Amino acid sequence: MRDALRQHLRAILDTYDAVPADFEVELERPAQPEHGDWATNTAMRLASVLKNNPRAIAEELAEALRARVDPNRVSAVEVAGPGFINIRLADTYLTDQLASALKAGSSFGRTTTGAGTTAIVEYVSANPTGPLTVGHGRNAVLGDTVATLLEWTGCDVTREYYYNDAGRQMRVLAQSVRARYEALVADVEMKTLTHEDGSTVEVPVSFPDDGYQGAYIIDIAQALADEHGAALLTTDSLRPFQDKAEAVIFAEIEGTLARLGIEMDDYFNERRLYDDNRVNETVERLTEAGYTYEKDDALWFKTTEFGKDKDTVLIKQTGEPTYRTPDIAYHADKFERGFDAIIDVLGADHVATYPDVISALDVLGYDTDRVEVLLYQFVTLVRGGEPVKMSTRRANYVTLDDLINEVTADVTRFFFLMRSASTHLDFDLDLATEASDKNPVFYLQYAHARICSIYDKAAEVGLDATGDVDLTLLTHDDETALIKELLRFPEVIDRAAAQRAPHHVATYLREVATAFSQFYGSCHIIGEDASLGAARLKLADATRTVLRNGLTVLGIDAPASM
RNA sequence: GCGCCCGUAGCUCAGUUGGAUAGAGCAGCGGACUUCUAAUCCGCAGGCCGCAGGUUCGAAUCCUGCCGGGCGUGCCA
C-alpha cells in the first residue's frame, strides 16, 4: 500500500516541471489516529521549489490523488495542518488485508525485501576459556535474533561463531589445567594468590599468574586424571590439556546456547587460518601495499594513516601475531565467501579495535561498506535495586546458565531484546523473576494463552469460524484499531531487520497485546450473534498469529495456557 | 587528552531516519470481576527531551560548544 501511494504521488509530481526527478516521496504513519493511516509532507517540502504556499500545493496534490486511487482501498484524502496530506484506508481494504494475513498464517510477517541477498552474522565468538557470561548472553541473543529477522526478509543467512584457539589465552588456559592436573596426580607445592580485595585462593606453584581460577578448571583436570592417571606428567606438550579443556568447555557453551534456542551454522576456528597460511598471506599483502613497518622487533600496521592516535602491532616481538591479525584474515575469508552483508556483533569494549580490521580490509581492496558492526552496551544485573558486582578474574560472576536457571530462557531472551543495543542494559532480576503483570514477557504470553483459551471455549459452545466469515462486521473502534495494529507487522519486521534492531519487535508486540486486551474488554466473542462472533474469533486468530510469529522471531515460546 | 555510546515522567526505556498536541511499562492515586483467563481493563496525575547557541516552514531527532555517566585508548582478547 505504501509503495502504491508513493507511486501515485510520484506520477502526479511528474506533471510538474519544477519538481526534480530524484525527489523522494515520504510516507509515514501519523502518530495521531485522527491524522489518518498514512501521511505525506510532500507539499511542505515542495513549497520553496514550486513557489507556492504548502496548503495550496497540498490541495492540488490531494485532488489529483483522489482521482487516481481506488475508492475500495482509500476512503479519504485530506489536507490538514501546515500542509500534510492525510490518507485514510477503506474498511474493505483493511478486512481484505486481514483475510490475507489469516491465510498467510505462520508466514505472516515474512517479506521479500531481502530476497536474493546473503548475509553472515558473526556472534557470541567467545573463546572457549570458561562458561558464557551474562555479557555473552546479550551478544548471543542479539546476533541470533538479527539473523532471524534477516531470514524473515528472505535473506540467506549464515550464523557463525569465531574463536581463537592459537593464541595466548588458550595457552594460559592449558597451563591452568595442567597445573591443576599436576596437583591432582602428584604431590606439588601450593602457593597463595591474594586478590585486590584481600581474598585469597590456593593454587599450585606452576599455576600461571593470570591463570583461570574457576572451579571448572579443576573438573577438567580431574577428567584428565580419570582418563590418564599420572601418564600426562611426562609430556612436555600443552596439547592434551588444551584439547581437553576446549572440548569440555565448548560442550558446555553449546549446551548453554541450545537452552536459548541458538544453533550456529559454523564454528570457525583461528587455527584453520594458520593451517592454510592465510594469516601470513594477509600480513604479506598489507606489507606489499606499504602499510606495515618493523620497529622494536615487531611488525606494525600504520593505523595512524586511518586517523588513529597510534599504529598497532600485527606481529609481536615473540613472532606471535596479535589477535587482530588472524581476525583480519578471517574477515578477508568472509569477503571471499561472497556475502552481501557481513555483520559482527561486538561488545562496547571492542569499539577501539574493530576499526583497525576495517582499515586493513580497505587496504586489501575489499568493499568495507558491507561490514557492519552491531555494537551493544554492557549489561548490569540489578537485584534489590543494587547492581550485582562481578569480577571475571576470580570467576566470581553470574554465568549465563545461572541467569537462565533463575529467570528462564524466555525471560532472558526478552530482557536482552527489549532495549536497543546502544543503551546500557539494566537487567532487573527481581522484575525478571516475578511472574506477574510487572513482567513484560508474561504480558505477551498471557495475551496469546488467552486467545487459545477462547478458542477452546468457542469449540465447546459450537462457535464455528471455519466457513465463510464476514469480516466486514468488524467495525467497532477497538476492532479497527486492532486490525490496523496487526497489519503493521510486516513493516515492523522490515524496519527491525533493516536497522538490525530487534527491540522494535518487542515494543510492537506489546502494542499488539495492548490493542488485543482493549478489544477483549469491549467486544465479546462468545455469546454474540454467530456471524459477529465468528468474525471476532477470526480477529482473535489473526492476533494469535502475530503474537506467535513475533515471539518466534524473538525466540520466545508462545504458550497455549498459563 | 583523544575515540565511541548514552543523557527524554520519580524509576526503566520507546520515539517510524526532520513533522502535527513528545509516548509506554513500572511506581503513585481513583475505579471495574454472578459474563470468553483480573498475569487484565478504564481513568487521573506526572516533562525546560542535560545546558547554550546554530541550521529551516518545523528540531527530542541534524551541526558546534559545554556539563554529567559508561566503555575504550595493551606487543591482552
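Chain A is the first sequence line, chain B the second, and so forth, proteins listed ahead of strands; every chain is numbered from 1. Keep in mind it's a predicted model, so treat the numbers as computed, not measured.
- If Lys295(A) and Glu34(A) are placed on RNA chain B by their nearest nucleotide, the residue sitting closer to the 5' end is Glu34(A).
- A stacked arrangement is assigned to Phe84(A) and the six-membered base ring of A20(B), with a centre-to-centre distance below 5.5 Å and an interplanar angle below 30°.
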Output a table of nitrogen or oxygen pairs between the protein and nucleotides 57-64 of chain B separated by less than 3.5 Å.
none

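- The nucleotide C62(B) finds its pairing partner in G54(B), both defining distances of the Watson-Crick or G-U wobble pair being shorter than 3.5 Å.
- Between Phe516(A) and Phe519(A), the ring-plane angle classifies as tilted under the 30° and 60° cut-offs.
- Among the atoms of the strands shown, base atoms are found under 4.0 Å from some heavy atom of Asn86(A).
- For the C1' atoms, the distance from G30(B) to C4(B) is 47 Å, rounded to whole Å.
- OP1 or OP2 of A77(B) has not a single side-chain nitrogen or oxygen of Tyr163(A) nearer than 4.0 Å.
- Each of Leu375(A) and Thr423(A) has a nearest nucleotide on RNA chain B; the 5'-most of these lies closest to Leu375(A).
- When rounded to the nearest whole Å, the span between CZ of Arg29(A) and P of G18(B) equals 19 Å.
- Heavy atoms of Ala39(A) sit under 4.0 angstrom from at least one base atom.
- For Tyr162(A), no side-chain nitrogen or oxygen approaches OP1 or OP2 of A77(B) to under 4.0 Å.
- Closest to the side chain of Pro30(A), out of A20(B), C41(B), G25(B), is A20(B).
- Stacking between His424(A) and the base of G70(B) is absent under the criterion of ring centres within 5.5 Å and planes under 30 degrees.
- Using a 4.0 Å heavy-atom cutoff across all strands shown, Arg419(A) reaches at least one base atom of the nucleic acid.
- Between the NE2 atom of His504(A) and the P atom of G23(B) there is a distance of 18 Å, given to the nearest Å.
- Proximity of a side-chain donor or acceptor of Trp300(A) to a complementary backbone N or O of Lys295(A) within less than 3.5 Å is detected.
- Among A39(B), G25(B), C42(B), the nucleotide with an atom closest to any side-chain atom of Arg510(A) is G25(B).
- Using a 4.0 Å heavy-atom cutoff across all strands shown, Gln169(A) reaches sugar-phosphate atoms only and no base atom.
- In this structure, of C36(B), A39(B), U40(B), it is U40(B) that holds the atom nearest to the side chain of Arg450(A).
- Taking side-chain N and O atoms only, Gln377(A) has no distance below 4.0 Å to OP1 or OP2 of G69(B).
- With centroids closer than 5.5 Å and planes inclined by less than 30 degrees as the test, His524(A) and the base of C36(B) pass as a stacked pair.
- Residue contacts shown for Thr507(A) are limited to sugar-phosphate atoms, with no base heavy atom under 4.0 Å away.
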